[in-house]
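What follows is a short report on a single structure.
The first residue of the sequence shown is numbered 1, and numbering continues consecutively from there. Predicted, not measured: the structure shown is a model, and the values here were computed from it. Just so you know, these numbers use all the heavy atoms, side chains as well, and skip hydrogens, waters and symmetry mates.
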Amino acid sequence: MSSPDELLRIEGIRKTFPGVVALDGVDFDLRRGEVHVLLGENGAGKSTLIKMLSGAYTPDGGRILAGGEEVRIHGAQDSERLGIATIYQEFNLVPDLTVAENIFLGRQPRRLRMIDKKRMEADAAVLLERVGVNVSPRARVRELGIARLQMVEIAKALSLNARVLIMDEPTAVLTSEEVEKLFAIVRTLREDGVGIVFITHHLEEIAALGDRVTVIRDGRSVGQVPATTPEDELVRLMVGRSIEQQYPRERADRGTDRGSDPGSDRGSDPGTALLSVEGLTRDGVFHDVSFEVHAGEVVGVAGLVGAGRTEVVRAVFGADRYDQGAVKVAGSALRRHDVNAAMAAGIGLVPEDRKGQGLVLDASVEDNLGLVTLRGATRAGLVDLKGQHEAAERIAGQLGVRMAGLGQHVRTLSGGNQQKVVIGKWLLADTKVLILDEPTRGIDVGAKVEIYQLINELTAAGAAVLMISSDLPEVLGMSDRVLVMAQGRIAGELSADEATQDAVMALAVSNPNLTPAPPSPSTSTSPSTPTTITEPEAGRGR
């Protein structure tokens, strides 16, 4: 029998797809005014479970109860009618519509049978203020960076006045300040009696916000524990084993032999400057950015949202324009604004938005892995299909991609396995410089460690890695040097020994226009000269 405070109960839920058992007897319940954390590795079945609650999937077995009554959820309207709102990890927004139009899509207020645009924008402004984001309701969604898109999604969910709010990795792209704002919103909703299903891979968030935790492993619920459970026990429940080292960076002194990858031309002499960025400038976005990344090292890039991190690396890769400066690969100047030239020179980019920019979602795993090498495998208009297949099979096995087969659509993979495919296509291309933008966003602790080990293998083979991350412990744990950006400039550089959270944050919130960056004790490549710069724009990313 359900308690009066019970909002939702799932009993013995089962869901299968061709060749895959996604869920096999999952139990879960949610009470009024609680934050119930759903924890599990990528591929454990969390996304499948919430898609059944939102009406995207129909269960093959088991039952769902709302308010003690068994219910059938056949679509989004059924879910909304039951008071369930879902904020997905991958945004469900229409780029060409305004913020207000997205928040009230399908539910626009009307006056005399016409959409009341003024009222809609006013109501949207109230919601945006509630979530603490400074965005105009009239702004086009395509103009916003990822962090602001996340807050628009939260505002959209709040507009539904839901009794059950499902939040899938809502903090993945937020700064610490934005996370605190979000937590304040969640606590207010909890006090109002809303039940919140909270999915996160940031274990430190569980005790800070949660009440209970249900752990799912391999499609089964394996335990329900208090949110105060120690992190190492949560990891053991989640992955079925202990993880001794969360950030297993294997550093080597520059100038010592790191070896090379047999049969690969990726390796270079240890210490060689594989990537040199000199005075890169784009008016109003970033200014006079200079740095180097050497063979065998990981250079982390930290900074607040709006600092210009993503814009700089996209310009380096040729995806975005820049007005001044130069990019060199192994000493040779790179033709600007030319992605093909960057790829031919050995630069690879794993973008922050893996689904929107890194994958062809309706193509197979094999086709996605072969995207970069397809042109080189084509002779006289004919593709070496056998060679491409063998290469895809080898790299998928090396990366441990969990899939039904190479023909499986990438869309159906978990987030961690999708990320492995994005990285894998660059490995097949023998990339010399790999740029990783938020490489572990939305990925569980087990998959993170696998990606970190992969980074170690790349640098051991002589590749250079430039890593952008909003996860500060990740930057500190995996970087040999840390570049900190503030207001579109390099505010400072720290060696691995000097890089602490306090030191990085002090630079990240500094104003390079007023306070010169402190001299770096490490080997700085090209310090930038402070100058006037505009404040971060609403649409600027990282």
Side-chain angles (χ1 to χ4, degrees), residues 41-42 201 235 239 241-275 292-302 313 346-350 354 369 394-402 416-441 443-469 471-483 494-497 499 522:
E41 288 190 277
N42 293 108
H201 291 308
V235 171
V239 304
R241 67 186 190 281
S242 297
I243 293 179
E244 303 299 331
Q245 193 175 2
Q246 193 172 357
Y247 302 105
R249 175 66 181 139
E250 297 172 3
R251 295 185 175 89
D253 293 332
R254 190 179 300 171
T256 60
D257 184 16
R258 292 179 177 83
S260 62
D261 184 4
S264 170
D265 62 1
R266 183 185 299 130
S268 298
D269 293 334
T272 302
L274 289 184
L275 177 65
E292 288 183 348
V293 188
H294 298 81
E297 81 169 338
V298 177
V299 173
V301 185
V313 298
I347 300 180
L349 171 64
V350 175
R354 60 175 170 261
L369 285 171
R394 172 175 56 82
I395 204 69
Q398 179 185 333
L399 297 180
V401 179
R402 296 174 63 180
N417 286 296
Q418 287 179 345
Q419 189 74 332
K420 289 178 182 179
V421 172
V422 179
I423 295 173
K425 70 182 182 183
W426 294 113
L427 299 186
L428 285 177
D430 279 331
T431 301
K432 297 182 178 68
V433 179
L434 185 60
I435 302 171
L436 302 170
D437 193 354
E438 303 291 356
T440 64
R441 180 171 72 89
I443 293 177
D444 66 78
V445 64
K448 282 183 180 181
V449 172
E450 291 176 354
I451 288 176
Y452 298 151
Q453 293 288 14
L454 178 60
I455 290 172
N456 285 333
E457 292 173 15
L458 284 167
T459 55
V465 174
L466 182 64
M467 182 180 72
I468 296 171
S469 178
D471 185 346
L472 192 48
E474 176 175 80
V475 172
L476 301 179
M478 289 301 297
S479 301
D480 301 311
R481 287 186 292 128
V482 178
L483 304 175
L494 301 168
S495 69
D497 292 336
S522 63

Between [X] and [Y], which heavy-atom pair has the shortest distance, and what is it?
X      : Y      : answer
Ala295 : Gly462 : CB-O, 3.3 Å
Tyr247 : Pro473 : OH-CB, 3.5 Å
Ala273 : Glu292 : CB-OE1, 3.8 Å

Inter-residue atom distance [X].[atom1] - [Y].[atom2], 0.5 Å rounding:
X      : Y      : atom1 : atom2 : value
Asn417 : Leu399 : CG    : CG    : 9.5 Å
Lys425 : Thr431 : NZ    : OG1   : 10.0 Å
Lys432 : Asp430 : NZ    : CG    : 8.0 Å
Leu466 : Leu436 : CG    : CG    : 8.0 Å
Glu250 : Thr459 : CD    : OG1   : 8.0 Å
Leu483 : Ile468 : CG    : CD1   : 10.0 Å

Ignoring hydrogens and geometry, is there a side-chain-to-backbone donor-acceptor pair from [X] to [Y] under 3.5 Å?
X      : Y      : result
Arg354 : Arg441 : yes
Ser479 : Val475 : yes
Thr272 : Leu274 : no
Asp480 : Val298 : yes
Trp426 : Leu434 : no
Asn456 : Pro248 : yes

Inset, instruction - Decide yes or no on side chain to side chain contact (heavy atoms under 4.5 Å, CB included) for Ile347 and Ile435, but give the supporting numbers first. - result: CA-CA 7 Å; Ile347 300 180; Ile435 302 171; 3.9 Å; yes
Inset, instruction - Carefully, step by step, assess Gln453 and Lys448 under the rule side chain to side chain contact (heavy atoms under 4.5 Å, CB included). - result: CA-CA 9 Å; Gln453 293 288 14; Lys448 282 183 180 181; over 6 Å; no
Inset, instruction - Please assess Val482 against Met467 for the test side chain to side chain contact (heavy atoms under 4.5 Å, CB included), listing each intermediate value before the final yes or no. - result: CA-CA 9 Å; Val482 178; Met467 182 180 72; over 6 Å; no
Between [X] and [Y], is any pair of side-chain heavy atoms under 4.5 Å apart?
X      : Y      : value
Val421 : Gln418 : no
Leu494 : Arg481 : no
Glu450 : Gln419 : no
Ile451 : Ile423 : yes
Leu454 : Leu427 : yes

Legend entry - Residues that Thr440 engages under side chain to side chain donor-acceptor pair (under 3.5 Å), provided they are two or more places apart: Glu474
Legend entry - side chain to side chain contact (heavy atoms under 4.5 Å, CB included) between Leu428 and Arg394, worked out: CA-CA 9 Å; Leu428 285 177; Arg394 172 175 56 82; 3.6 Å; yes
